[in-house]
Asker: 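Please read through the structure below; I'll follow up with questions.
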Amino acid sequence: MEEMNKAFATFEERDRVASLGGGASKIEIQHESGKMTARERIDMLLDKGTFVELDKLMVHRCTNYGMDKNKIPGDGVVSGYGKIDGRQVFVYAYDFTVYGGSLSASNAKKIVKVQQLALKNGAPIIALNDSGGARIQEGIESLSGYADIFYQNTMASGVIPQISAILGPCAGGACYSPALTDFIFMVKEKSHMFVTGPDVVKTVIHEEVSKEELGGALTHSTKSGVAHFMCNTEEELLMSIRELLSFLPQNNMDEPQKQSFSDESNREDPTLNTIIPSDPNMPYDMKDIIERVVDEGYFYEVMPYFAKNIIIGFARLGGRSVGIVANQPAYLAGVLDIDASDKASRFVRFCDCFNIPLITFEDVPGFLPGYTQENNGIIRHGAKIVYAFAEATVPKITVITRKAYGGAYIVMNSKQTGADVNFAYPSAEIAVMGAEGAINVLFRKADAETKAKELEAYKEKFATPYQAAELGFIDEIILPKQTRKRLIQALEMTENKMLTNPPKKHGNMPL
Ligand code: HXC
């Protein structure tokens, strides 16, 4: 018995040491810099007491620079599995207290192990990044570990949800693991992502830029579109990940969980009839419509600060998780440009991968014209939206609130590209182009009086939903106040939708 107690004590001591990662002084530095440790983050992310750690005693095998004399159990990554809202998830967190969370070959092995477990067992995986990148002492061994991780990221794409949080530095090629996942969360001022840091930028291209400008949360949330969520604190970020998962299924063969809701399915909202201004050139906030329609008025917006002319995010209708894509007339009149196209298409594809029905709210004057957009490839980028909507086999429902012009009408989940149910408000204008533009083409040489007369005639004939309804491109014209009820009915009608695209290895989406 004494022998056994000794064995237990040895284990407990080794476990205690491993729990401290880089040790008390490194933990203090981590706290002083306003960051939590890897284990604190995992504990906060997961349901209390559910974390099971794997490979806690794994060490590196490097002998360069005297590394063999400094092996820290766990070696800079904490990995394992646990629960979020009672559902299985896998998680790994870089431990900055151990060699700055740098990636060793052993760390990569640990990460690949949880990635494979997550894929095999069909559960989401969450990566908490805070790392100095490849462990310099290990040379190419460490680099190769990244390749193994990227490969697993790619294999898991579209099979299980993959979520990345950036909670400190994430530099160099290390950025590509988060970039291969579905959603990236960043914390203001604490997290940084760049392929080359400010020093290298200065040396190579003589540009002076701060790390915040180069790769801070604000930059990636407003300009580059790399990050999907910008949070004020780590705690807020971790809670936001929990919330995001509540909208998602466990894997691509699963459905999102239906949630109970304290909202009438057939609730009519008369205020909806008053939101769209009678002047078609006046803006309004599409979020006012979305929030009045969805369960309990709750909309979980994704990428709220990037390409604000299009809105994407999750909500529930009748307790079912839905992905919402909506033009925003309050920003650049809701026009479609390159960034809006990329933002919307990626989201549509995510929802389609994970069996989340798509609801489109449409008020779009067209694609943004001009030299810059054309030269940067609006054709190639805009094509992504039509591709993404057309290939999506999930239930697809569209509500045209006002403008639906030209190509933009067609790409925004039109009936002709496979939408299941298409609604329009009486205020909808579904036409090849706006009245002014059309009359200028058709009556270029006419006098002012004729032009004015023809303008009115055009508006009456085309700036309405009636031609589209007569042709069956619109299934029903509804009053705005009926939107919620009709959407829920359409979701119920399409609940068992059976549609598969032709067999193919994969399509060749315009990228
Ligand atoms: C080994 C590293 C390390 C690394 C940091 N450390 N990065 N050890 N390999 N890549 C160690 C430091 O030596 C230090 O050890 C401890 O971690 C904490 O680092 P500090 O510099 O004291 O912390 P801080 O001031 O907060 O700065 C953090 C940092 C900086 C910005 C990450 O450490 C840094 O610039 N590191 C190098 C980043 C880098 O160039 N990585 C390689 C990128 S290339 P001690 O013992 O003093 O506590 C790459 C390729 C990937 O990653 C390609 C994939 C395809």
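Just follow the structure's listing: the first ligand is 1, and inside any ligand the first atom is 1. Computed from a prediction, not measured in an experiment: that's the story for all the values here. Computed over heavy atoms, backbone and side chain alike; hydrogens, waters and symmetry mates excluded.
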Asker: Distance alone, cut at 3.5 Å: any donor-acceptor contact between the side chains of Ser104 and Asp75?
Answerer: yes
Asker: Verify the distance criterion only: is there a donor paired with an acceptor across the side chains of Asp295 and Gln259 at less than 3.5 Å?
Answerer: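 There is no such pair (donor and acceptor under 3.5 Å, judged by atom type) between the side chains of Asp295 and Gln259.
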Asker: Please identify each residue that fulfils side-chain hydrogen bond (donor to acceptor under 3.5 Å, both in side chains) with Asp363, with sequence neighbours left out.
Answerer: Tyr284, Arg402
Asker: Are any protein N/O atoms closer than 3.5 Å to the N/O atoms of ligand 1? If there are, list each pair with names and the distance to one decimal place.
Answerer:
unit_1: ligand 1; atom_1: 9 (N); unit_2: Ile136; atom_2: N; d: 3.1
unit_1: ligand 1; atom_1: 10 (N); unit_2: Gly132; atom_2: O; d: 3.1
unit_1: ligand 1; atom_1: 10 (N); unit_2: Ala134; atom_2: O; d: 2.8
unit_1: ligand 1; atom_1: 17 (O); unit_2: Gly100; atom_2: N; d: 2.9
unit_1: ligand 1; atom_1: 41 (N); unit_2: Gly132; atom_2: O; d: 2.6
unit_1: ligand 1; atom_1: 48 (O); unit_2: Lys26; atom_2: NZ; d: 2.5
unit_1: ligand 1; atom_1: 52 (O); unit_2: Ala134; atom_2: N; d: 2.8

Asker: Do you know the tightest heavy-atom contact between Met186 and Ala227?
Answerer: SD-CB, 3.7 Å
Asker: Among His60, Arg135, Glu138, which one satisfies side-chain hydrogen bond (donor to acceptor under 3.5 Å, both in side chains) with Ser102?
Answerer: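 That would be Arg135.
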Asker: How close do Gln162 and Ser157 get, heavy atom to heavy atom, and via which atoms?
Answerer: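 What the structure gives for the nearest pair is NE2-N, 3.5 Å.
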